Structure formats: C-alpha cells, structure tokens
Amino acid sequence: MFSRPALPRSRSLLGALALSVVGILGAAGCSSAVDQAGADTRTEVTEGGILRIGDGGDLTPASLYSGAPAQAAITGLVYDTLIRYPADSLDPQPKLATSWEVSADKLSVRLTLRDDVTFHNGKPFTSADVEASIRRYADPARSGQLARTAALVTAFDTSDPHAITLTLARPAGNFLDLFDVMPIIDQDTLSDLDTGKGYNGTGAFRFAAWKPGASITFDANEQYWGGAPHLAGVEYVIVPDAQTRVSQLRSGQLDLLLNIAPRDADELGSNPGFQVIDQTGVQRTAYIGANVQAPGLSDIRLRQAIAHAVDRDRIVADVYQGHGNLANLPWPAYSPAFDADLNGTYAHDTEKAKALVSEVGSVPVIPVAYTAGSTESEAVAQILQADLAAVGIETTLQPQDQATTLKNLIAGTYGGLWITEHTFAQYTPATLPTSAYVYNANKNTSNFIDAQYQAAVEKVWGITDPSSTDAEDAYRELNTELLDNAFVIGLFNHENELATSAALHGVGWTKKGELDLSDAYLGG
C-alpha cells in the first residue's frame, strides 16, 4: 500500500516546482503573483482593506461547479479541497486531507483528514462532509465536470470522523484530480447552494452577500485553520464591458481583473502602477466547437474543412499579439499526452478546405456564436467568418452573454459553431475526455457520441502509470480520435493573465484557475 505522509501547511505560498506527472496518488500548493512577477520584495505586510475584483459574469447558483468566473470566486474563496496541486505540476499536496493511501489493486483509497477545521458556522469538519461532497458532486444534475470520476465511488466508510475510506468501481488514473477540483461542502446546508442564499465552507473567506447583476461580497474568516487572511474582505464586482473594467482598474475603482486583453496587457505591463501576471499552469485552449447535430455539421468532412480553413497564425498574431502557441491539441508540453507531431495536423490550407467542401456539396448557412463584450472574441469570429467564406461556407455571427454561453456549454444547445476557451487539459490526461463539457465522451457540448472515441477514453481513464508504453499508445489513440473527428477544433493554447494594481501583493491561484487570496494584501 502506498501512502503520502502529512506535511505542515506554510503560510507562505509555494514557489515554482519541477514539472511532473504522477499516477493515482501522490501529495497542493498554488502559484503566487510574487513568484511570477518577482516584484514584491517587501517584508512588511499590510492588514485590512477590501480587494475589488472585476469581471463580466454574474452568479448562476445552480451551476456552482461549472468553473465560470463568479462561481469560481465562491469555490476558490469560500471552500477548501482535500488536496491541492501546485499550479505548474501534478504533484499533489495536503489540504483538508493530511495523508492518503491507495490499495495495491487501486480500488480503495483511505484519506486522513485534518481534525482542527470548522465550517464558517462553527460546525466541525468531518468525514461525513467528504461523503456528502462526493455524492453531491457525482449528481449529474449538479453539472460537476468530474462527476463521472466521483461516481466511481461505490462505498464510504466514515466510522472515523477524521478519516474516510472510499471503495472504487474501477481504477482511475485521475482520481486525485477530483480531490483537487471538488469543493468540500457542509452536508447540513446543501439547500442553500442552489438558491445563492448561502455558502458555508471552510475557506479563508466567508460568503457575505450576492446582489444579482452587481456584486458578490466576502468577509475574512478570522478563524481560518490556515491562519487569518490579511485582507478584511473581497468584493467581486460585475462589470460586463471589458474596456470599462480596464478603465476602472486604471482609476483605482478595481484592484484585480480576472482576464485582460493582450493589447491592454502589454500596455499595463509597461506601467509601474500595474502588474500583469501569467497564471502559470492554468492553461486555456481557444477553440471552435461544432454541434454535430446542427445542419451540415454532422458531416465529418465539413468539420475537417473548417479545421483547415481557419488561419490560426493571423488570430494569434493580429488579435492576441503573440500571446499564445498554435495548437491543434489541448495539452501543455509537460502533459504525457502532448504530441508535437500530431499537434500540427491542421495547418491553414485553403485548397484542402475547398476540396472537402466540394465533396460535401450543398452547405447550409452556419451560425457562429461568440462571447459578447469581448473585442478579441468578436475579432476571432470575424476572421473565422472570412476564412470560411473563402472556402465556400457561409456563416452568421451570434454574440452571446456569459450566462447564455454557460447554459449552451452545459446543455449542448448551440445552433452550429461556437468560439470560446476551455481548460482541464493541465490535469491528468484522463480528466479532459471524461469530464470537460466539450470533451466528455458520454455527454458533451458537441453532442458527439462515438463508440471508438468512447473506447479510446476508457483506455486512457484506466491508466495509472502515465509513463508506460501502454499509456503512450493510449494517448496517441485518443489524440487521433480528437483530430479525426474534429468536433473540437483547437486554435491556440495560452496561460491566463491577471491584471492588478501594483499595490496588490501575494495573489495566488489554484491549478483550476481559482484565486487563492489567503496570503494577499494591499499596500505600498
């Protein structure tokens, strides 16, 4: 039986760690803006102050697990997880679980839990809350992206309030990914989650209030088991227009933006009053999705034509100012599923695209959805429209707000193509095709259900040694299925960028991209 010993939690944020990939068990930190920017050499920490975060999305309470910005603010600030991956590796570290053991047959996992943790209402954290969290996350109605992995748990032993043993239906190479992603919730206040009435967690900040269309506020948890935060509170401010958010950062009305346009990033990064920080390890993939049930898009040749028609070089150079790497596949270079040869399968090839369209024959007008309020999304949509017109595919552009985008991603109700970004490729390779809305082999946004793709995903899911020959073959098979079927058409990969005031220090983040503000402070 393999075990991971307990490690003490340090109040300082973890620095850069060696890139590695582990199997089913191992030991979480987060990456820090201090580490990334190298600018904070102060030793005096300022206490108090309200950190104001600006973003365009409002809270959708029933979609707490979706990872959308407002929901991620809650799961990142209010809740803890069992373990935590460093942002730039898959070497798990203790969080609410201090150690863990996996049986030799990979069908049993025992976690030892912290005994000094309470929820914000004062209730002690116990193994029963872990069971409730896994059961809740596994419920398909909750739209947790790792729900299939959570559903592998067939039995729970919670006889010890400070330890839990899980029995699994099968070995799964990405089980620790679930422990990193899934928030630990209070089993006694579940009814409040779906209404937005309240969120009772164990994290560094307490949920205070939600004003729909305006803001979400949080107060510092002075009894946080990891030490009281320096900030007095956090306010997530809903500002739909991206340029307005930038203006408010410049004027001091906001302290942090969750994402920033490349042109604004370059300009703010050269101004000593601001910081632009790469969220190391939080890879995002810009892509074109295709609903294969929409008119015309059921034909694989048309989807492949679109993949050849789009000019990725122009998008990265002209729209994103070089902030990204061209990619057909989603994996970061450190992933065992990364394949440099296959990554260039679809180059900009107008003639090949025209030939495929000619084979298809009559092609209907295809709608292209993109995120409203984003200059970059609109520019990419316009480039795609021109590229497709050049090969004989007519399109109409459809701007959508963030709430509609999230709804369509979860329900698979896009009318044709859509342009946005996805994440989860930075985790164990099994997580993306078993979990992410756009890739899940059993239910995905594209409504692409295929026996060969499912078989390839099942093979990858069962791998517990990602360095084995079997793993290499399985990853190549999975990549071939993704590329041949072209229901998700990769454009480029990049790490998310945060923009902050120079007065903000100690910002961290999880591998999922949620902010960790337990060590953040304002001043100077």
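On a predicted model such as this, the values are computed, not experimentally measured, just so you know.
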*Carefully, step by step, assess T280 and D278 under the rule side chain to side chain donor-acceptor pair (under 3.5 Å).*
CA-CA 6 Å; T280 300; D278 285 339; over 6 Å; no

Counting N and O atoms only, with roles assigned by atom type, does the side chain of [X] sit under 3.5 Å from a partner on the main chain of [Y], one being a donor and the other an acceptor?
{"X": "S374", "Y": "S377", "value": "yes"}
{"X": "S103", "Y": "S108", "value": "yes"}
{"X": "K512", "Y": "T423", "value": "no"}
{"X": "R312", "Y": "L326", "value": "no"}
{"X": "Q402", "Y": "A68", "value": "no"}
{"X": "R245", "Y": "P240", "value": "yes"}
{"X": "N328", "Y": "Y346", "value": "yes"}
{"X": "N440", "Y": "N444", "value": "no"}

Quick one about [Y] and [X] (side-chain donor to acceptor, distance below 3.5 Å, no hydrogens or angles considered), yes or no?
{"X": "N408", "Y": "Q400", "answer": "yes"}
{"X": "N485", "Y": "Q452", "answer": "no"}
{"X": "S89", "Y": "D91", "answer": "no"}
{"X": "D387", "Y": "H348", "answer": "no"}
{"X": "T404", "Y": "D401", "answer": "yes"}
{"X": "D465", "Y": "S468", "answer": "no"}
{"X": "S270", "Y": "E267", "answer": "no"}
{"X": "W331", "Y": "D339", "answer": "no"}

Are any non-hydrogen side-chain atoms of [X] and [Y] less than 4.5 angstrom apart?
{"X": "V181", "Y": "Y427", "value": "yes"}
{"X": "L517", "Y": "V507", "value": "yes"}
{"X": "L498", "Y": "L257", "value": "no"}
{"X": "L302", "Y": "V363", "value": "yes"}
{"X": "T510", "Y": "D180", "value": "no"}
{"X": "Q145", "Y": "Y439", "value": "no"}
{"X": "T445", "Y": "V488", "value": "no"}
{"X": "T396", "Y": "V368", "value": "no"}

Only counting residues at least two apart or in another chain, list the ones meeting side chain to side chain donor-acceptor pair (under 3.5 Å) with [X].
{"X": "T285", "answer": "N493"}
{"X": "T345", "answer": "none"}
{"X": "Q398", "answer": "none"}
{"X": "H308", "answer": "none"}

*Over 12 foreign heavy atoms within 6.0 Å of CD, Q454*: yes

_I'd like to know whether CD of E472 has more than 12 heavy-atom contacts from other residues, nucleotides or ligands below 6.0 angstrom._
no

Minimum heavy-atom distance [X]-[Y], with the two atoms named:
{"X": "D55", "Y": "P69", "answer": "OD2-CB, 3.2 Å"}
{"X": "A138", "Y": "A150", "answer": "CB-CB, 3.7 Å"}
{"X": "V457", "Y": "A441", "answer": "CG2-CB, 3.8 Å"}
{"X": "I238", "Y": "D58", "answer": "CD1-OD1, 3.0 Å"}
{"X": "A436", "Y": "F424", "answer": "CB-CD1, 4.3 Å"}
{"X": "P61", "Y": "T195", "answer": "CB-C, 3.8 Å"}

*asked:* Can you tell whether the side chains of R284 and E495 come within less than 4.0 Å, N to carboxylate O?
replied: no

*What do the steps show when you test Y370 against V380 for side-chain contact (heavy atoms from CB on, under 4.5 Å), and what is the final call?*
CA-CA 9 Å; Y370 66 93; V380 172; over 6 Å; no

Parallel, tilted or perpendicular for [X] and [Y], by the 30°/60° rule?
{"X": "Y320", "Y": "H494", "result": "tilted"}
{"X": "F487", "Y": "Y453", "result": "perpendicular"}
{"X": "W418", "Y": "Y414", "result": "parallel"}

Who are the salt bridge (charged side-chain N to carboxylate O under 4.0 Å, His left out) partners of [X], not counting sequence neighbours?
{"X": "K352", "result": "none"}
{"X": "E394", "result": "none"}
{"X": "D139", "result": "R142"}
{"X": "E458", "result": "R148, R170"}

_Candidates N174, D177, T428, T431 - the one meeting side-chain hydrogen bond (donor to acceptor under 3.5 Å, both in side chains) with T149_ = N174

*Under 6.0 Å between ring centres, would you say that holds for Y287 and H422?*
yes

*Compute the ring centroids of F179 and F175, then answer whether they are less than 6.0 Å apart.*
yes

*Could you grab the distance from atom CG of L491 to atom CD1 of I489, nearest 0.5 Å is fine?*
8.0 Å

*Sort and list the pairs that fulfil side chain to side chain donor-acceptor pair (under 3.5 Å) and have at least one residue in residues 357-369, not counting sequence neighbours.*
none

*Restricting to pairs with a member in residues 67-81, which pass side chain to side chain donor-acceptor pair (under 3.5 Å), not counting sequence neighbours?*
T75-E514, D80-T202, D80-Y224, D80-W225, T81-R84

*Mind checking what makes side chain to side chain contact (heavy atoms under 4.5 Å, CB included) contact with P364, not counting sequence neighbours?*
P295

_Verdict with supporting geometry, R314 and V319, side-chain contact (heavy atoms from CB on, under 4.5 Å)_ = CA-CA 7 Å; R314 181 184 174 193; V319 180; over 6 Å; no

_Full working for side-chain contact (heavy atoms from CB on, under 4.5 Å) between L384 and I419_ = CA-CA 9 Å; L384 177 62; I419 300 168; 3.8 Å; yes

*What pairs meet the ring pair (Phe, Tyr, Trp, His ring centres under 6.0 Å) rule with one or both residues in residues 56-75, with sequence neighbours excluded?*
Y65-Y137

